[in-house]
Amino acid sequence: MYIEFVILDNFLLTYLAGAISARGCHKRVNVWRTLAAAAIGTVAAVLYPFMRCGFWLQLLVKIGLGCVLCVILFLKTKKPITSSLLFFGSTFALGGAVYAVWTGLCSVNSAAALYCRQCPVFICLGIGCIVYFCSRYVIKKLKAMHARAPYEYGTEVEIFGCKLHFDAFLDTGNCVFDDSTGLPVIIADIDRFASKLDDGASREFIKGFDGYRAIEISTPAGKTTARVVKPSKITVYSDRHGHTIEAMIGLVGGNKFPAAHEMLLNPIVIAEGV
C-alpha cells in the first residue's frame, strides 16, 4: 500500500505544481509535458527510500530532479526561468499545505488520524485541488490587472473654477467625436462628475445644464444621450508625466456607465498627447 500512496500522491502534486507554474507564465498548460514531468517525479519519489546517502546529498538530488522536471516542462517556452522558480514555489506550497493539514487533522482526535492513515490520497487530492484553484484565481486576477495597467490613466479636469480628479480608462471602443467642435469626447458618468464639484461649481453646473448640447453616443450598454461640456483644461497622467489634451466631456446617466471606471478616454487623446 505504501508504494501505491507514494505513486498517487506524488503524481498528483507534481502535476498540479506543473499546472500552476504553467498557468502563471503561459496561456495554457501543456498536458503531455506536465504528465511526463509528473511521471518522472513519481518514479524518483518511489526510489528515494532506497537511497543510502546523507541529508545534503539527498537534498542535492531533489534539487537536481526539480531542475530536470523544469527542463521537461519549460524547455523552449517563454519565461523558462520565471516558470521554473514558480514551479519550485508551487511544489513547496502544495507540500507544505498537505503537511500542515495532515498534521492538524492527526492532532484533532483518533478518528481523524485514522482517516488520514486510511485515505491519504483523498487528503492530498483535496488539499492539492484547493491550492490549485486558489492559485488559478490569484493568477487570473494578477493577469487581469497587468493587462489593464497600460490603459489606466489619472486624469485632472479643470472646470467651473475647480479641479476634478478621475481614474480614467483608455477605451479603444470609444470613438466618439463632437460634430460641432470636431474634438474627441471622453465619457464620464454624470452623477460621479457632479459629486466631485464643490458648492459653487455645482450651482454653476446646474444653472447651465439646460444649455449643454446633447449628442447621441454608443456605449457597451447601447446607444444613449450625453450632455457635452468644454473644460478649461484636461491633463492626463501616464506614470508621472502629465499631458494636456483637447477634448470635450460627454456626461451620461441612467446606469449606462461601467461601474469599474470613472471616465472613458478616447484613444486619439492619448495618441496626440504622448
Side-chain angles (χ1 to χ4, degrees), residues 27 79 137-274:
K27 293 182 178 179
K79 302 179 180 178
Y137 176 80
V138 172
I139 289 169
K140 183 178 180 180
K141 289 295 183 181
L142 291 175
K143 284 186 174 181
M145 292 173 59
H146 179 73
R148 252 188 11 225
Y151 302 96
E152 293 180 340
Y153 296 82
T155 302
E156 182 182 82
V157 176
E158 296 184 23
I159 190 169
F160 306 131
C162 63
K163 295 181 179 181
L164 313 180
H165 297 274
F166 295 87
D167 293 325
F169 184 78
L170 178 59
D171 182 12
T172 55
N174 175 13
C175 300
V176 180
F177 285 82
D178 179 27
D179 292 336
S180 179
T181 62
L183 293 175
V185 177
I186 57 179
I187 305 171
D189 177 68
I190 190 169
D191 293 329
R192 294 188 197 179
F193 179 86
S195 68
K196 294 177 181 289
L197 299 172
D198 58 26
D199 292 340
S202 294
R203 287 192 292 270
E204 186 175 349
F205 174 63
I206 295 172
K207 181 179 179 180
F209 186 79
D210 291 336
Y212 302 141
R213 288 182 296 104
I215 62 173
E216 294 293 323
I217 65 172
S218 295
T219 69
K223 292 185 177 180
T224 188
T225 300
R227 297 277 187 165
V228 292
V229 295
K230 180 68 170 72
S232 304
K233 184 179 180 182
I234 303 176
T235 306
V236 175
Y237 292 93
S238 173
D239 296 327
R240 296 183 179 180
H241 304 288
H243 309 281
T244 301
I245 62 174
E246 289 289 331
M248 305 292 287
I249 296 181
L251 301 174
V252 300
N255 296 321
K256 294 286 187 180
F257 199 81
H261 305 102
E262 295 183 319
M263 179 175 284
L264 299 180
L265 298 176
N266 189 310
I268 193 67
V269 304
I270 302 301
E272 291 179 350
V274 178

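A 4.5 Å side-chain heavy-atom check between Met263 and Leu164 finds every atom pair outside the cut-off. Annotation: side chain of Met248 is in contact with side chain of Thr181 (closest heavy-atom distance under 4.5 Å). Contact annotation: the side chain of Lys163 never approaches that of Lys196 to less than 4.5 Å [non-hydrogen atoms, C-beta and beyond]. Taking 4.5 Å as the limit, some side-chain heavy atom of Val185 sits within range of a side-chain heavy atom of Ile215.
Contact record, Ser202 with Ala194: OG-O, 4.2 Å, taken as the closest heavy-atom pair. When all heavy atoms of Cys162 and Asp198 are compared, the pair lying nearest together is CB-OD2, 3.8 Å. Residues Phe177 and Gly182 come closest through the heavy atom pair CD2-O, 3.8 Å. A pairwise comparison of heavy atoms in Thr225 and Ala214 identifies CG2-CB, 3.7 Å as the closest pair.
For the pair Glu156 (side chain) and Thr235 (backbone), a donor-acceptor distance under 3.5 Å is absent.
Ring geometry, Phe166 versus Phe193: the interplanar angle falls under 30°, so the pair is classed parallel (tilted spans 30 to 60°).
Between Ile245 atom CD1 and Ile186 atom CD1 the span is 5.0 Å, to the nearest 0.5 Å. For the atom pair CG (Asp210) and CD1 (Ile206), the distance works out to 11.0 Å, reported to the nearest 0.5 Å. Expressed to the nearest 0.5 Å, how far CD1 of Ile159 lies from CD1 of Ile234 amounts to 8.0 Å.
Salt-bridge annotation for Arg213 and Asp178: present, with a side-chain N of the basic residue lying under 4.0 Å from a carboxylate O of the acidic one.
Applying side-chain contact (heavy atoms from CB on, under 4.5 Å) to Ile249 and the options Ile190, Ile187, Val157, Val228 leaves one that passes, Val157.
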